[in-house]
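Any value given below was found using the heavy atoms of this structure, including those in side chains, with hydrogens, waters and symmetry copies removed.
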Amino acid sequence: MKQRSAFVALLLIGLSGCQLNTTVPAPLTGSSPIEAKTSTISLPIVITSDEIRSILQRSIDERLIDGNLYKESGQDLGYDTHLQTIVRPNGPVSASASNGSIKLRIPIVADLYVNWKTCKKMLVRICAAHHEDAQGAVTVLVDMKPEITADYTVNPNVNLSYNLDKPVSLKVGPITVNLVSETRKAIEKQLNYFQNAINTEYAAKLPLREAAEKAWAAAANPIPISQENNLWLTSSLEELNSAPLTTEGEKAILKLGLSGKFTALVGDPPAPLPPAPLPNLKPITAPPGFVLNVPLTLQFAELEKHANMAPPFSYNYKGNVITVKKMTLSSTHDGKLSLGLQVNLSTGGKWFDKSGWIYLTGTPTYDQTGKRVVFQDLGYTAQTESVLLNQAAWAVEPLVVTALKDRAYIELADHLLNAQAKVNAFVNSIPIQSVGTIAGHLESLAVENIIVQQESIVVVANAQGSMAMTVEGVARN
């Protein structure tokens, strides 16, 4: 009877030791907001000289009446002499870009028709009608240096002149009709027309304020970079910028830019920011391309979900085996990261196996080579170490701790590569209705810092790349 009681007591002691009685470290009581660095985007707007030519050519074509730009009949020159003037295109518009300006050439002709009478008084007054016509050729020269004003208006800054390519004059009865003078009068009337047409057409075809207002409003909402991976981008824009026209080859380039603060989040979508009015444009100072300083928030629940997809990990130390089945993440009161490991500790006999949770803490740092968050100072909490010393002292041996440390990391390579791929897919070709296409490329994505928050870690990343907008097909819209 005494032997049976002793066996039961021993069994109860063994069973009571099967569960590890450890506690989760106290978490952070609050998280300080992460102040993102200002990011900049400089967007060159590229428009070819041919696109500019097409816009003006269509404007001219749409305003033709019976193929003519201008017609004036019955101008009285005196002495029963009357002049009719018709101005019409003399071929297509041509365009080029150089020295910071866009140059257009508009060939036109002025057809001049003169009718007069000569009369002789004999027995009766006899009059004879006469007719002469001539043609003057002119090239209207347009020099444009477009700029975007502070209120997002496209100001073409047009300077118009012309070359009189074919001057003519006629002797008409008692007077000489100087067709050079008359041609100039007809052409000068057209210069105002061309001035108004260019100003109206380019402002209508490039509605930048409307586009800026839409983009500014859209920026207040979180952008789903990858819904599959719960990756969101939020932005708090501060200002928009512009720069004067430059030329490169047969292209004219206007630059628009913006600066603001961006954050990324892996997890549930963040709330939209309150709307703000569109600010006036300011001069651009940022270099071409974009530099984004983006704090990427990784929620513990999201990281745990990915980590626990891996199969259990086991390590054998002198016949004793530790098996890690599951992992949890949490913050600690002193700003470190706590790893909770659900383990089974086998001492070679199932009667004395231990199971439960053990807790290690460490300061997360970023391993640039492996692209992962690692812990240089990872170790058991004091309470976990005390429990292990009493129940499975072998589990606190340095080799065991090192084995756990080698396996205790947060893989970011997939997150970063996926983020880069998703961003590149997103910015590779963004159509802007009725205007053109934005194309960009994320060239580098580097991690600068790791910060522990109450329910997440924040990976402070720096992204750099190129971006440009090409204006195309505007004339067809």
Side-chain angles (χ1 to χ4, degrees), residues 45-73 84-98 101-113 133-148 153-166 179 182-208 210-211 245 247 249-252 254 431-437 469-477:
I45 301 176
V46 180
I47 179 167
T48 64
S49 56
D50 187 61
E51 184 70 25
I52 295 168
R53 182 204 63 78
S54 297
I55 294 173
L56 184 57
Q57 184 70 62
R58 177 168 176 175
S59 175
I60 292 172
D61 293 343
E62 288 176 345
R63 285 165 171 78
L64 294 177
I65 299 175
D66 296 330
N68 301 322
L69 285 167
Y70 167 75
K71 181 176 181 179
E72 184 178 29
S73 301
Q84 181 183 65
T85 306
I86 297 176
V87 178
R88 54 187 173 81
N90 190 30
V93 174
S94 61
S96 61
S98 63
S101 69
I102 301 161
K103 295 172 175 56
L104 298 160
R105 297 173 63 87
I106 309 171
I108 59 177
V109 293
D111 295 316
L112 303 169
Y113 303 92
D133 59 58
Q135 187 179 82
V138 174
T139 300
V140 176
L141 307 174
V142 183
D143 192 286
M144 297 172 56
K145 293 185 177 180
E147 65 174 354
I148 304 172
T153 300
V154 179
N155 184 355
N157 284 332
V158 177
N159 180 40
L160 294 177
S161 60
Y162 63 90
N163 289 333
L164 196 55
D165 303 322
K166 183 185 176 185
L179 297 187
E182 295 303 324
T183 302
R184 280 201 176 108
K185 288 179 184 178
I187 296 307
E188 285 169 357
K189 288 181 180 179
Q190 289 303 295
L191 294 187
N192 284 333
Y193 158 74
F194 285 126
Q195 180 89 42
N196 294 331
I198 290 170
N199 287 339
T200 302
E201 196 68 19
Y202 284 96
K205 293 295 186 183
L206 300 172
L208 288 185
E210 179 184 350
L245 177 85
T247 53
E250 287 300 306
K251 298 175 182 177
L254 282 166
I432 306 299
Q433 186 176 5
S434 303
V435 176
T437 304
M469 174 179 170
T470 300
V471 177
E472 55 193 354
V474 171
R476 297 190 296 270
N477 299 316

Colleague: For residues 102-111, which side-chain N or O atoms pair as donor and acceptor with protein atoms under 3.5 Å away, sequence neighbours left out?
Modeller:
| residue | atom | partner | partner atom | Å |
| --- | --- | --- | --- | --- |
| K103 | NZ | S101 | OG | 2.5 |
| D111 | OD1 | Q135 | NE2 | 2.7 |
| D111 | OD2 | R88 | NE | 2.6 |
| D111 | OD2 | R88 | NH2 | 3.2 |

Colleague: Can you name the closest pair of heavy atoms from S49 and A97 and give their distance?
Modeller: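 Closest pair (atom of S49, atom of A97, distance): CB-N, 4.3 Å.
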Colleague: Between D50 and R53, does any side-chain N to carboxylate O distance fall below 4.0 Å?
Modeller: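 Salt bridge present between D50 and R53.
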Colleague: Can you name the closest pair of heavy atoms from I52 and A252 and give their distance?
Modeller: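 Heavy atoms only, the tightest pair is CD1-CB, 4.3 Å.
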Colleague: So do D61 and L64 actually touch side chain to side chain, heavy atoms under 4.5 Å?
Modeller: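 Answer yes - side chains close enough.
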Colleague: Show the nearest heavy-atom pair for residues P89 and G67, with the distance to one decimal.
Modeller: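 Heavy atoms of P89 and G67 come nearest at CD-O, 3.6 Å.
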Colleague: Is it the case that the side chain of Q57 and the backbone of V93 share a donor-acceptor pair, with hydrogens and angles ignored and the cut-off at 3.5 Å?
Modeller: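 Here the side-chain-to-backbone pair exists.
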Colleague: Quick one: CD1 on I86 to CG on N68, what's the gap to the nearest 0.5 Å?
Modeller: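 Those atoms lie 5.0 Å apart.
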Colleague: Ignoring hydrogens, what is the shortest heavy-atom contact between D165 and V138? Give both atom names and the distance.
Modeller: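 Smallest interatomic distance, heavy atoms only, reads OD2-C, 3.4 Å.
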Colleague: To the nearest 0.5 Å, how far apart are CG in L141 and OH in Y162?
Modeller: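 Here the interatomic distance stands at 11.0 Å.
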